[in-house]
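Below: the structure, in structure tokens.
The sequence lines fix the lettering, A, B, ..., with proteins before strands; numbering per chain opens at 1. Since the model is a prediction, treat every value here as computed from it, not as a measurement.
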Amino acid sequence: MASQAPLAIEATGLVKDFDETRAVDGVDLAVRSGSVYGVLGPNGAGKTTTIRILATLLRPDAGSARVLGYDIVEEADSVRSAVSLTGQLASVDEDLTGRENLILIGRLLGLKRAGAKARAAELLEAFGLAEAAARLVKNYSGGMRRRLDIAASIVVTPRLMFLDEPTAGLDPRSRNQVWDIIRSLVAGGTTILLCTQYLEEADQLADGLAVIDRGKVIAEGTPGQLKASVGTGALHVRLLDPDQRTEAERVLGRELGAVHLDPDPAALTAQCSDADRGAEAVAALARSGVGIADFSLGQPSLDEVFLALTGHSAEEGPPEQPEVIEEEQPA
Amino acid sequence: MTTTPTTEIRSSPGADEAAVRKAIASTARPPRASALSAAFTFGWRGMLKVKHVPEQLLDVTITPVMFVLMFTYLFGGAVAGSTAAYLDYILPGILVMSVLFTTVYSGVALNTDLTKGVVDRFRSLPIWRPAPLVGSLLGDTVRYLIAGTVIIVLGVILGYRPGAGVTGVVAALALVITFSFGLSWVFTTMGLLLRTPNAVMNAGFMGIFPLTFLSNVFVDPATLPGPLEAFVKVNPISILVNASRGLMEGTASAGDIGIVLATAAALTAVFAPLTTRLYRRG
Ligand SMILES: Nc1ncnc2c1ncn2[C@@H]1O[C@H](COP(=O)(O)OP(=O)(O)O)[C@@H](O)[C@H]1O
Ligand SMILES: [Mg+2]
């Protein structure tokens, strides 16, 4: 077996060009074994390309990397034997059933027929897919597909898993299910490299984080450090009657703490990083007879992280009106 | 996507955390799959697709039937004097043509596959690199077999009586399928080089159509003008047709069979590594 390398991934100066585009421009990464490392960046930042290089699907044009101690170019086969990839496009075969997908991967990884079948059944059960086992994957919902995808990645337990935007396009409920699965994997000792566009996802799952933009790492740290540099989430409320703002300010101040009065005379914002407490605060407003036109609750968005880190994207709103995080990032 | 949220709620309670943990803990890495086992597993994948979408066999059954009926009854009288005489001449040729046309679909299918995320997973697995390609071509030989069998059965119904009987027919079919396996590597290479399935289809048929029609599938080369006759005689498809006719009639020459097998081997030797390289590169 390989030596117990302290770093699961160690990349220096990775570069990848596609024709004119420099997709990855000198990326360095250091990922500890047993941790979840998030790579956070907007569409086109180079996340997928980085993952594909590390998973040996692409050769870097410059730079080098070791994954679990193996060189990704010289010892690509050893890397492949120890990692698994859950790609951005669901990496399962849509024209097969869920069970067939898992048996296929099991057989390819060297399980005997009976072993592959038993393993498939066990995973389908564990991932809540037993009832859908005999249905074609093309008829699965997005959440089911993602769960199958992750199941396929652990048919033989990998030491390291690459997850490329595992919850993109999922509804909140399916997203939470996927998060739970990822947490279980981590608890089982698997190292995970997670690419995401959602700060919240990185916040929920990652121990360490690199923010990547235009192929470059522009910041590194824990999610806490990153959020601290940006500010926490916020509850935004607009009232039916501006005259009630003083009362609303009192209630929100009691429920949540720091309250900020917006330029709009009917609007106010309170710091709030916990959705439950935000909901309670809104309920408290309603109970005290304050009429609410609308409200929204959000973490700082990736845009805000970028604004804070780089100062660019000046066309965003003024800093005292943080945007609400969206489920979908603009393309 | 097509599934409504209600369906999901009913059918997927989500993952069970304790079970997930147990599932993660329970595997030891087995020894690597052998090259052969990996290839056959991909062949099995091809078979499963046919099982789930049997309509895709229409291509390989209806087209050959159309060819036999059309050519026999449309041209039989004009080319060979009678439909019965022409059937004897043309049946081995149509067998070759139908199966060769089917090989183009191997490239089309590969190209379609590439647009799907599952290929990334295959490429990230520790398996014999050409396994996905060899496996799907092995699966495709079953399609070739179906196309060939349809032709022969229809021929027999229409009155075709091969001189060498069942053995000859089986030998001819085996030869045609072996050659097609070699040729299909050309189309898988195209499948990896061209951008869309349609482009592969067009380019594939642009190559195989003239080669097929400028062979002895339909007409005796002796009736053709000199230069054309010369080309038709060296066309590997003509040699394959000669060998197949020979096997079915019991008059095959070892030379023809040797050339066919050598051509298949040469195509595989050149295009299989090329396809594998391109597939790996992604
Ligand atoms: N196969 C490819 N050919 C050409 N350009 C590519 C290819 N893959 C990615 N790119 C380009 O490289 C950049 C980074 O892409 P990607 O790694 O997919 O980013 P992300 O996953 O962060 O959205 C983008 O500008 C994208 O258009
Ligand atoms: Mg991506």
Side-chain angles (χ1 to χ4, degrees), chain A residues 52 55-58 77 80-81 83-97 100 104-105 107-112 115 119 122-123 125-129 131-132 136 138-144 147 152-157 171 173-174 177 180-181 183-185 187-188 190, chain B residues 1-5 7-34 37-38 40-42 44-45 48-53 56 112-113 115-129 131-132 135 280-282:
Chain A
R52 288 166 61 87
T56 77
L57 302 184
L58 285 175
D77 226 46
R80 286 186 206 114
S81 298
V83 306
S84 69
L85 170 73
T86 304
Q88 181 167 5
L89 295 165
S91 358
V92 286
D93 195 330
E94 308 214 312
D95 300 326
L96 303 185
T97 67
E100 287 163 353
L104 177 75
I105 301 299
R107 295 286 286 145
L108 291 174
L109 287 171
L111 292 176
K112 300 275 174 265
R119 183 65 177 150
E122 178 183 24
L123 286 170
E125 190 63 47
F127 283 66
L129 293 167
E131 278 179 54
L136 292 185
K138 65 167 89 127
N139 299 324
Y140 279 24
S141 70
M144 293 162 75
R147 294 207 301 275
S153 288
I154 62 167
V155 168
V156 169
T157 314
D171 60 78
R173 189 171 151 274
S174 305
Q177 290 178 349
D180 286 342
I181 291 173
R183 290 191 188 101
S184 304
L185 290 169
T190 303
Chain B
M1 322 228 152
T2 50
T3 316
T4 58
T7 316
E8 194 191 354
I9 287 163
R10 184 159 33 76
S11 67
S12 62
D16 168 351
E17 192 177 322
V20 170
R21 290 198 184 184
K22 181 170 165 294
I24 299 162
S26 72
T27 53
R29 184 166 287 272
R32 251 176 101 118
S34 70
S37 151
F40 277 121
T41 303
F42 279 106
W44 173 69
R45 169 178 178 246
L48 288 174
K49 293 196 171 203
V50 173
K51 186 180 115 191
H52 292 308
V53 194
Q56 57 180 283
T112 310
D113 229 16
T115 60
K116 308 211 169 127
V118 72
V119 168
D120 269 359
R121 184 183 295 284
F122 294 154
R123 289 170 58 235
S124 71
L125 291 176
I127 48 174
W128 183 50
R129 302 277 88 197
R280 196 173 349 176
R281 200 189 63 185

Requested in this report: Answer yes or no: is there a donor N or O on one side and an acceptor on the other, between the side chain of Arg52(A) and the main chain of Leu58(A), under 3.5 Å?
Outcome: no

**Report entry** Pick from Pro31(B), Ser34(B), Gly117(B) with the largest number of heavy-atom pairs that fall under 4.5 Å of chain A
**Finding:** Gly117(B)

Query raised in the report: Is chain A contacted by the side chain of Trp128(B), its backbone, both, or neither, given a heavy-atom distance below 4.5 Å?
Result: neither

Report summary line: Heaviest contributor of heavy-atom pairs below 4.5 Å to chain B, chosen from Val83(A), Thr56(A), Thr86(A), Leu96(A), is Leu96(A)

Query raised in the report: Checking side-chain hydrogen bond (donor to acceptor under 3.5 Å, both in side chains) for the pair Arg121(B)/Ser153(A): CA distance, chi angles, key distance, verdict?
Result: CA-CA 9 Å; Arg121(B) 184 183 295 284; Ser153(A) 288; 3.1 Å; yes

Report summary line: Of the listed Ile105(A), Asp77(A), Asp93(A), the one with the largest count of heavy-atom pairs under 4.5 Å with chain B is Asp93(A)

Query raised in the report: Where is the tightest heavy-atom contact between Glu122(A) and Lys22(B), given as atom of each residue plus distance?
Result: OE2-NZ, 3.5 Å

Report task. Check whether any side-chain N or O of Ser91(A) sits under 3.5 Å from a backbone N or O of Gly87(A) as a donor-acceptor pair, and report yes or no. Result -> yes

Query raised in the report: For chain B, which of Thr190(A), Leu123(A), Leu111(A) has the most heavy-atom pairs under 4.5 Å?
Result: Leu111(A)

Query raised in the report: Which one of Val156(A), Leu185(A), Leu108(A), Leu85(A) has the most heavy-atom pairs closer than 4.5 Å to chain B?
Result: Leu108(A)

Query raised in the report: Using non-hydrogen atoms only, which part of Leu104(A) is less than 4.5 Å away from chain B: side chain, backbone, both, or neither?
Result: both

Requested in this report: Give, for atom NZ of Lys51(B) and atom CD of Glu100(A), the distance between the pair rounded to the nearest 0.5 Å.
Outcome: 5.0 Å

**Report entry** chain B interface, residue from Leu109(A), Ile154(A), Thr97(A) that has the most non-hydrogen pairs under 4.5 Å
**Finding:** Leu109(A)

Query raised in the report: Would you say the side chain of Val53(B) lies within less than 4.5 Å of the side chain of Asp95(A), judging by non-hydrogen atoms?
Result: no

Query raised in the report: Got a second to check how far Asp180(A)'s CG is from Gln177(A)'s CD, nearest 0.5 Å?
Result: 8.0 Å

**Report entry** Region of Phe40(B) in contact with chain A, defined by heavy-atom distances below 4.5 Å
**Finding:** neither

